[in-house]
Amino acid sequence: MKTHGRISALRKMKCFPCQFANTIKSAQFTTSALMSVSFFDQADIISTVEFNHSGELLATGDKGGRVVIFQQEQENKTQSHSRGEYNVYSTFQSHEPEFDYLKSLEIEEKINKIRWLPQKNAAQFLLSTNDKTIKLWKISERDKRPEGYNLKEEDGRYRDPTTVTTLRVPVFRPMDLMVEASPRRIFANAHTYHINSISINSDYETYLSADDLRINLWHLEITDRSFNIVDIKPANMEELTEVITAAEFHPNSCNTFVYSSSKGTIRLCDMRASALCDRHSKLFEEPEDPSNRSFFSEIISSISDVKFSHSGRYMMTRDYLSVKIWDLNMENRPVETYQVHEYLRSKLCSLYENDCIFDKFECCWNGSDSIVMTGSYNNFFRMFDRNTKRDITLEASRENNKPRTVLKPRKVCASGKRKKDEISVDSLDFNKKILHTAWHPKENIIAVATTNNLYIFQDKMN
Amino acid sequence: MLGRGLKRKLSDYEENMAGLSSAFDSSRNLPYPLKRQLVLNMCLTKLQTYKMLVEPNLHRSVLIANTVRQIQEEMRQESNQQPVNVCAGITPSTHSYTGMESSGISLQLPSGISQQESNCCDLRSAEDQIENSLLIVSDDDMSSAISSILKDLDFVEDISPPTCLVPTGDDQPKFPENAGLKLEDDRQDLKGAECVFGSFEISNSTSYLKDLAIDDIFEDIDTSMYDSDFCCPPLTPPRPPPLATEEPLKTFPSCNSSSANNIQICRTDLSELDHIMEILVGS
């Protein structure tokens with residue numbers, strides 16, 4: 001797909017990409033690896049980031065209901081050592097704010113999740129959802145248009161039929177590339193509570209949507225009904241003690257899905273067992289460490305994200321302070337636990353007071369399931385190498401990105417003497433949080449979203 | 001924006017709270033009951049704030065309610081283990097935990113405790129006395145705070161009742177003679193479930209609406225459309241939910257709580273809504 005003269009279908013991007021082609025040395029992974037950076041200034045708060053199955057496209061959703069899709073440039077033959085950079089491909093308004101007149105409630109247009117469908121033909125499809133409604137969008141390219149109509153002029157005016165003396169067959173002529181997004185399905189009115197997850201099944205025909213208390217199963221072709229497969233709403237709402245926080249289908253078994261809860265448990269369900277999967281097949285829960293017990297233990301155990309590995313053998317969960325890797329065959333404890341920002345454990349009361357303790361961080365796997373990544377505060381994000389057990393903290397910030405600088409790994413000083421270049425816990429900026437990160441399915445390319453900015457880091461191979 | 005909750009303004013109280021929470025984090029010398037009380041205050045304040053919002057966050061409310069319950073349970077267990085001794089020398093400021101006088105708590109309680117250290121022989125019993133006096137004041141408030149916030153969360157009309165299918169094969173293999181019984185139980189459960197949801201729909205959020213003046217709810221809504229002639233259909237219904245015809249009737253009974261004024265307004269709106277429903281249904 002060539003990229004001359006794009007026109008976004010519905011709305012022009014307010015801020016065009018500012019490209020700083022930096023090279024950043026990453027010392028931990030390979031000795032001669034370099035990372036180049038693309039940087040985009042978004043008009044609104046980014047609320048979700050997702051690569052498609054090939055990694056060529058990267059979609060972001062924001063608080064204003066817009067979806068912006070970036071496309072990777074074709075590899076430059078002359079610069080074969082560097083991968084193509086990402087440029088804006090399409091922008092469209094996915095959801096609009098709505099007002100529910102009967103309940104006197106405003107329905108936010110913020111995009112909570114985007115999930116891509118695998119590509120089956122020339123067009124691309126993705127699901128985007130806000131709190132209440134899921135939409136299937138088709139993104140297609142048009143680079144030809146018919147010319148030579150008999151009854152219409154080129155500018156669209158109708159010709160007087162009496163002036164037509166000969167007939168001709170319209171032909172397709174090339175035109176500037178236009179990327180169009182059109183909503184193909186709208187899945188609405190199935191959720192009383194706020195949708196927090198959508199996940200496409202490996203059969204590529206069905207998908208699930210999860211809100212705080214229920215999970216529904218949809219068929220992509222059918223919009224007027226869905227099946228409720230999980231319902232944890234108690235008969236008496238006063239007895240409610242647990243909500244669903246995330247859900248995902250298994251990448252290979254089309255009958256298996258998991259959902260996580262606010263109590264730190266993950267339930268694996270098999271849809272073959274019953275129509276209503278209220279009884280789990282497996283319950284994953286780690287017993288609490290009594291030495292870490294505090295008033296906030298339950299709050300920080302609430303799982304904010306769950307992701308299966310690409311292999312399907314493991315799943316990863318993110319709670320407030322850690323990332324845990326679970327083997328699906330072992331329910332009583334995770335096989336690996338990585339501390340993201342343990343230095344915050346002694347600050348929990350302040351973080352509770354300013355509501356930061358409720359921040360929902362996401363996590364992601366790299367393509368080979370050897371590295372996991374998640375975000376933190378102060379625009380830091382962390383990567384954990386499962387094989388070498390090494391970890392690194394990096395910062396996504398404009399100030400640190402000058403052309404050809406080496407980006408240093410960052411370190412937070414928990415207590416005691418602060419070494420040079422370390423940052424003390426008290427000077428962390430808790431308003432700068434990285435909640436959404438994504439890793440390219442095949443290459444070492446990552447997308448990191450700060451509040452308003454999208455950073456794309458590439459691992460430059462020699 | 002319509003329907004948004006009230007914005008919290010930074011107040012002296014909040015500044016004090018920020019100071020208190022960092023004191024909680026940094027100080028190791030703070031006695032456990034005091035820490036617990038501080039957390040409890042914060043929880044209840046948050047729940048109160050959420051109560052004022054049009055649509056409180058269910059996830060957060062549940063987490064905070066659980067924390068309150070846990071603290072409540074802990075305090076109950078402790079009070080069951082120790083006798084309640086009300087000491088005359090307890091400073092009255094300890095009763096103000098629900099009020100916005102946390103500055104009183106932060107400044108006076110530690111000194112109050114140290115005063116009692118010198119006055120009473122047993123420090124532990126003094127702290128327990130403070131605790132117990134607080135406990136007496138707080139238990140009902142906490143329970144009612146939790147119940148009301150969770151009840152309010154269900155004021156959202158439930159459009160997808162659970163699919164309580166008759167479980168023919170999904171349970172453990174049953175003996176044939178129990179199968180008939182089980183089916184009957186399920187039918188009764190289904191009816192029971194429907195009754196529960198039925199009662200929810202009527203009894204929802206009386207406390208929620210009691211707190212707000214009825215005018216505040218309606219002042220944001222632009223009713224100029226409804227004042228004009230109903231024959232022309234300017235209304236484009238926003239994708240009516242499946243139970244559209246029943247919903248207005250279900251939500252409005254919640255209005256008949258406070259004053260006759262409210263009832264009057266509700267009745268007028270009810271008849272207007274009937275009118276609107278006729279138009280929407282197209283009769």
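Because only heavy atoms are used, hydrogens play no part in the values below, and waters and symmetry mates are left out as well, while side chains stay in.
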According to ring-ring contact (aromatic ring centres under 6.0 Å, His included), who are the partners of A/Tyr377, at least two apart in sequence or on a separate chain?
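Checked A/Tyr377 against ring-ring contact (aromatic ring centres under 6.0 Å, His included); matches are A/His341, A/Phe361, A/Phe430.
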Using side chain to side chain contact (heavy atoms under 4.5 Å, CB included) as the criterion, point out the one residue from A/Leu217, A/Leu208, A/Thr256 that pairs with A/Met271.
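Running side chain to side chain contact (heavy atoms under 4.5 Å, CB included) over A/Leu217, A/Leu208, A/Thr256 with A/Met271 returns exactly one hit, A/Leu217.
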Once side chain to side chain donor-acceptor pair (under 3.5 Å) is applied, do any residues pair with B/Lys35, and if so which ones, sequence neighbours excluded?
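Testing B/Lys35 for side chain to side chain donor-acceptor pair (under 3.5 Å), a comparison that skips the adjacent residues, returns none.
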Contact part of [X] toward chain B, heavy-atom cut-off under 4.5 Å: side chain, backbone, both or neither?
X: A/Leu213; answer: side chain
X: A/Ser294; answer: backbone
X: A/Tyr352; answer: both

Looking at OH of A/Tyr259 and SG of A/Cys269, how far apart are the two atoms once the value is rounded to the nearest 0.5 Å?
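Taking OH in A/Tyr259 and SG in A/Cys269, the distance rounds to 5.0 Å.
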What's the separation between atom CZ in A/Arg318 and atom CG in A/Asp305, rounded to the nearest 0.5 Å?
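That separation rounds to 9.0 Å.
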For the interface with chain B, which of [options] has the highest count of heavy-atom pairs at distances below 4.5 Å?
options: A/Lys263, A/Glu242, A/Glu298; value: A/Glu298
options: A/Ile244, A/Asp278, A/Ile299; value: A/Ile299
options: A/Thr241, A/Thr245, A/Leu348; value: A/Thr241

